[in-house]
Amino acid sequence: MPTSSASTTDSARSAASGGVQSLERAFDLLERMADAGGEVGLSELSASSGLPLPTIHRLMRTLVACGYVRQQPNRRYALGPRLIRLGESASRLLGTWARPYLARLVEETGETANMALLDGDEIVYVAQVPSKHSMRMFTEVGRRVLPHSTGVGKALLAGFPAEEVRALLGRTGMPAATDKTITTPEGFLAALEDVRRQGYAIDDNEQEIGVRCLAVPVPDSPTAAAISISGPAGRVTEAATERIVPVLQQVAAELSEVLTTSGNTPAT
């Protein structure tokens, strides 16, 4: 029987890396399920992965038995609850790895530094290093906010297609946190255009009056992530923005390298 091109590629990659082919395939299927919204059919997985249906069926049976996938009444497969524990632990570690980089941001900018992820339709803060100023911003780690009123939310959603952004805003609504909050999809999409053009996002009194935030995405992060600095509007001025943004972008690039390089360990 001829070997499929996907199987040949998998075999070559496994041989080169010393990995286990079945593990690589199983994790690839889990990632494809996540990309598809968390629920798929076997034929969809076969079409997207290039693997034969019997192979996918065998792998999915194993994942179901382990609790990482569950089979729905409609015979489709969905990501299972055991993945939640893994994801929560990984999020905590992501924050731990980011802290040395956030500390550098504080040293170089003087303002509080944050890291946030897109979790479903919400922004969740996973790490923070506070400014040394007596007047400084605090965001509780674990706090969840809606994306439309935050710099990190803009930085993260700027990479999404407009129709996905509209769908997210339709699910969450766009309540005003302050009188500066953007409350229309058109206004928010225009703000995302500014982010793509400038290379950074701004929260200008939109989440809290008197506070400005500058944010950039972490390129190629395994999960959508952004870092930011926040401080009083009187300190995070236009002049300060010109100085701070290049530092944010450099730190984001270095953090990206740590998160995407296999076997690398974060700086301490």
Side-chain angles (χ1 to χ4, degrees), residues 88-119 122-147 149-156 158 177-178 180-181 191 194-195 198-219 221 223-260 264-268:
E88 289 175 344
S89 297
S91 292
R92 286 194 296 271
L93 280 174
L94 192 61
T96 300
W97 294 337
R99 274 191 201 99
Y101 297 89
L102 299 183
R104 228 183 84 204
L105 273 177
V106 174
E107 287 297 323
E108 296 194 29
T109 69
E111 304 300 342
T112 296
N114 314 282
M115 183 178 191
L117 308 179
L118 183 63
D119 183 22
E122 297 178 316
I123 298 297
V124 58
Y125 289 91
V126 295
Q128 181 182 84
V129 175
S131 165
K132 297 176 182 177
H133 289 290
S134 56
M135 183 181 291
R136 55 193 176 187
M137 304 300 109
F138 285 103
T139 298
E140 182 182 358
V141 171
R143 181 188 179 199
R144 290 175 174 271
V145 295
L146 297 181
S149 60
T150 64
V152 285
K154 292 176 189 173
L156 290 168
T178 75
K180 299 280 191 178
T181 306
D194 290 339
V195 175
Q198 298 173 32
Y200 65 95
I202 302 176
D203 159 13
D204 189 2
N205 295 273
E206 296 162 50
Q207 179 65 218
E208 186 177 346
I209 291 295
V211 177
R212 293 186 89 229
C213 172
L214 306 173
V216 298
V218 178
S221 174
T223 187
I227 58 173
S228 68
I229 65 91
S230 54
R235 285 204 307 259
V236 186
T237 59
E238 292 298 329
T241 297
E242 294 180 8
R243 172 178 58 84
I244 291 171
V245 167
V247 179
L248 268 172
Q249 292 170 332
Q250 178 62 34
V251 171
E254 293 175 10
L255 183 55
S256 170
E257 187 174 350
V258 166
L259 297 178
T260 57
N264 205 352
T265 54
T268 56

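In this structure the side chain of Gln250 reaches within 4.5 angstrom of the side chain of Arg104, judged on heavy atoms. Within the 4.5 Å cutoff, side-chain heavy atoms of Gln128 are placed close to those of Thr112. Proximity of Met115 to Arg99: side-chain heavy atoms (C-beta onward) are nowhere separated by under 4.5 Å. The shortest side-chain heavy-atom distance between Ile123 and Leu118 falls under the 4.5 Å cut-off. By the 4.5 Å heavy-atom criterion applied to side chains, Ile202 and Leu214 are counted as neighbours. Glu122 has its side chain out of reach of Val145: every pair of non-hydrogen atoms, C-beta onward, lies at least 4.5 Å apart. Using a 4.5 Å cut-off on side-chain heavy atoms (C-beta onward), Ile244 and Tyr200 make no contact.
Taking every heavy atom of both residues into account, Ala226 and Ala155 meet most closely at CB-CB, 4.2 Å. Counting all heavy atoms, side chain and backbone alike, Gly199 lies closest to Val216 at O-CG1, 3.7 Å. Nearest approach of Val126 to Val141, heavy atoms of both residues: O-CG1, 3.5 Å. In terms of heavy atoms, Leu117 sits closest to Ala225 at CD2-CB, 3.5 Å. Of all non-hydrogen atoms in Pro130 and Val106, the two that sit nearest each other are O-CG1, 3.6 Å.
Annotation: the span from Arg235 atom CZ to Ser230 atom OG amounts to 10.0 Å, rounded to 0.5 Å. To the nearest 0.5 Å, atoms CD1 (Ile209) and OG1 (Thr181) are separated by 7.5 Å. Atoms OG1 and CD, on Thr178 and Glu206 in that order, are 7.0 Å from each other to the nearest 0.5 Å. Separating the OG1 atom in Thr241 from the CD1 atom in Ile229 is a distance of 7.5 Å, to the nearest 0.5 Å. Taking OH from Tyr101 and CD from Glu254, the interatomic distance works out to 6.5 Å, rounded to the nearest 0.5 Å. Note that the CG atom of Leu255 and the CD1 atom of Ile227 stand 6.5 Å from one another [nearest 0.5 Å].
Between Arg243 and Glu108, none of the side-chain N atoms (NZ, or NE/NH1/NH2) sits under 4.0 Å from a carboxylate O, so this pair counts as no salt bridge.
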Self-check item: Criterion side-chain hydrogen bond (donor to acceptor under 3.5 Å, both in side chains) on Asn114 and Ser228, from CA distance to verdict
Solution: CA-CA 5 Å; Asn114 314 282; Ser228 68; 3.1 Å; yes
Quiz item: Can you list the steps and then say if Lys154 with Asp194 is a salt bridge (charged side-chain N to carboxylate O under 4.0 Å, His left out)?
Solution: CA-CA 10 Å; Lys154 292 176 189 173; Asp194 290 339; over 6 Å; no
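Distance alone, capped at 3.5 Å, places no donor-acceptor pair between the Ser221 side chain and the Ala224 backbone. The main-chain N or O of Val218 is never found under 3.5 Å from a side-chain atom of Ser256 such that the two would form a donor-acceptor pair. Not a single donor-acceptor pair under 3.5 Å links the side chain of Asp203 to the backbone N or O of Arg212.
In summary, the side chains of Gln207 and Ser149 do present a donor paired with an acceptor at a separation below 3.5 Å, with no hydrogens or angles considered.
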